[in-house]
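Structure record follows, encoded as structure tokens.
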Amino acid sequence: MSMISPVSVAGRALLALGIALFLGGLVGSLIGVRYSVTLSGSETLPEGGALSISVYTLTSSGRVRVEVWNATTAYYIAGIRGDPRSLMKGLEAFNISTGNEDFRTDFRLGVVYGVAEVRASRGILAALPGLSRVLRFNIHQLEPVEPGHYVLEKKLGVNEALIFFAVGRNVTYSFSYSVAEKNALAPDTISLAGALTSLAGLAVLRLGVRSGSSSRRRGGSGP
Amino acid sequence: MKWPRWVVLAYLDFSDTLRPGIFDALVVTMSLVGVVLSYLEYFGSSPALAMSILSPTLLATALYLALRSSAGLAHMAEDRVIDVYLSYPLGRSIVAGVLLVSRVLVPASLIILLPALAAGVVYSPLVGSEALHYLEMIGAFIVQAVFYGLMFSVIALFARRGSAASIISLLTYFVYNILGVILSNLAESPESLMYKLSRSMSFYLVVYQRLTGVSIASPPGTLELCFVPCLSLALAAGFIAYFRGWYEP
């Protein structure tokens, strides 16, 4: 049984790390790195209906931008902790229900987002800001940037949600979410670092073999 | 330079536990999984990164310790190699300590550390700013892996046969983890003793919840934090005491 020296263990560890980084960087280049997501479309809503756009961060924090056109009024609720869909369920007590939900979970970005149709009487929707005290959330009314055109930009922390309501008949919307910080290095950089680490590992292994053979020539004992 | 005898014995044992081949393949695979997972998911905090990368690595480490380290120890008894170890002019406690270091501590640390290092390189801007939290999480996973390794080593001492040791070790690992799930499912509330016991069975989960505050229950207390380390110390003490006093190869 041949003895394993610390130098050879360090060399093998460096080589293993280098190979993993090199191959991982190549796989990273193939799958790509994603930092933002967008969603857009238009919805025809029933009389007194509204469109809700929700976003809920799971593991990331970032910036949300919601833009709507052809809306008569727009509201938003920010600073919600946890899944906003549970808050929407709570609104059913006020005859505000949701349907045609299209929610998507993006695990790569760590965010849940989607649109839903809000069904309620026009009176209830107009009174939405008044529900703030009951719901213990501030429901803010947005000012239009031009008639029918509303824009909201907000920062979201980890595990935080935002719900945007746009009242109207034919609402066109655009939603984007981009992460706050690009925390990962580029895959090409990782591949290069992997190649260099592998070379360093090979050099250390070679050094271990040399020192081992010279130690044997000197007739040294022990590891 | 003359090396202490226990170091020579440790080197001799490393030649079995860190034998090239399976060990290197496992480390490369788990590090590669770590890098790919880092690109597949976005992480906003270093404990979340460690949790995601090291959870699959912990399973691989436990399997390695059960099939290679623990079964290897039993094989040594079966093939009478342990007699050679015991013929060294060293106390039995020291031989037992060396076995624990070379069969549990070093392999477990290396298998956990390298994927963590690979993911840390990918997420270096994040890990650099939260280095301490990342290191705490790595330490927590190593403690959990060492705990499994100690459990398997005790089993190997009693099983004495390599195949029996690996099967019983694997069974114990799965029973331990399933027991955690059963306890959390039986718990009436997140504040109940059963839930806390199930949570404390996973040291890395306790550390993660203390660092991030992400938990359905109140943050874990000191007793929950001490559960796995205390069990590990008890297992190590038990291993050394049995090896010293009663073990006959």
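Each chain gets a letter, A, B and so on, in the order its sequence line appears, and its residues count up from 1.
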Partner chain B: residue of Gly18(A), Gly62(A), Gly32(A), Gly24(A) with the largest heavy-atom pair count (under 4.5 Å) = Gly24(A)
Would you mind checking which part of Leu17(A) comes under 4.5 Å of any heavy atom in chain B, side chain (CB onward), backbone (N, CA, C, O), both or neither?
-> side chain
More than 12 foreign heavy atoms under 6.0 Å from CD1 of Ile31(A): is that the case here?
-> yes
Heavy-atom closest pair, residues Gly28(A) and Tyr39(B) = CA-CD1, 3.8 Å
Got a donor-acceptor contact below 3.5 angstrom from the Asn183(A) side chain to the Phe43(B) backbone?
-> yes
Decide if atom CZ of Phe22(A) counts as having more than 12 heavy atoms of other residues, nucleotides or ligands within a radius under 6.0 Å.
-> no
Phe103(A) CZ: over 12 foreign heavy atoms closer than 6.0 Å | yes
Picking from Pro187(A), Ser60(A), Ala180(A), Ala16(A), which has the most non-hydrogen pairs under 4.5 angstrom with chain B?
-> Pro187(A)
Could you tell me which portion of Ala48(B) (side chain, backbone, both or neither) has an atom closer than 4.5 angstrom to a non-hydrogen atom of chain A?
-> neither
If you count the non-hydrogen atoms of other residues, nucleotides and ligands that lie under 6.0 Å from CH2 in Trp6(B), is the total more than 12?
-> no
Might you confirm whether atom CZ of Arg210(B) has over 12 heavy atoms from other residues, nucleotides or ligands at distances under 6.0 Å?
-> yes
Non-hydrogen side-chain atoms of Val122(B) and Leu185(A) separated by less than 4.5 Å | no
Part of Val35(B) within contact of chain A (heavy atom distance under 4.5 Å) = side chain
Taking atom CZ of Arg63(A) as the centre, does the number of heavy atoms from other residues, nucleotides or ligands within less than 6.0 Å exceed 12?
-> yes
Quick one: of Val33(B), Val127(B), Val36(B), who has the most non-hydrogen atom pairs under 4.5 Å with chain A?
-> Val36(B)
When you look at CD of Glu153(A), are more than 12 heavy atoms from neighbouring residues, nucleotides or ligands closer to it than 6.0 Å?
-> yes
Look at Val111(A), Val179(A), Thr189(A) and state which one has the largest set of heavy-atom pairs under 4.5 Å with chain B.
-> Val179(A)
For Leu110(B), is it the side chain, the backbone, both, or neither that has a heavy atom closer than 4.5 Å to a heavy atom of chain A?
-> side chain
Under 4.5 Å to a heavy atom of chain B? For Val27(A) that would be side chain
Where on Tyr35(A) is there a heavy atom nearer than 4.5 Å to chain B: the side chain, the backbone, both, or neither?
-> side chain
If only atom types and distance count, is the side chain of Arg12(A) paired as donor or acceptor with the main-chain N or O of Leu18(B) below 3.5 Å?
-> yes
Distance col, row Ser61(A):OG vs Tyr42(B):OH, nearest 0.5 angstrom, shows 5.5 Å
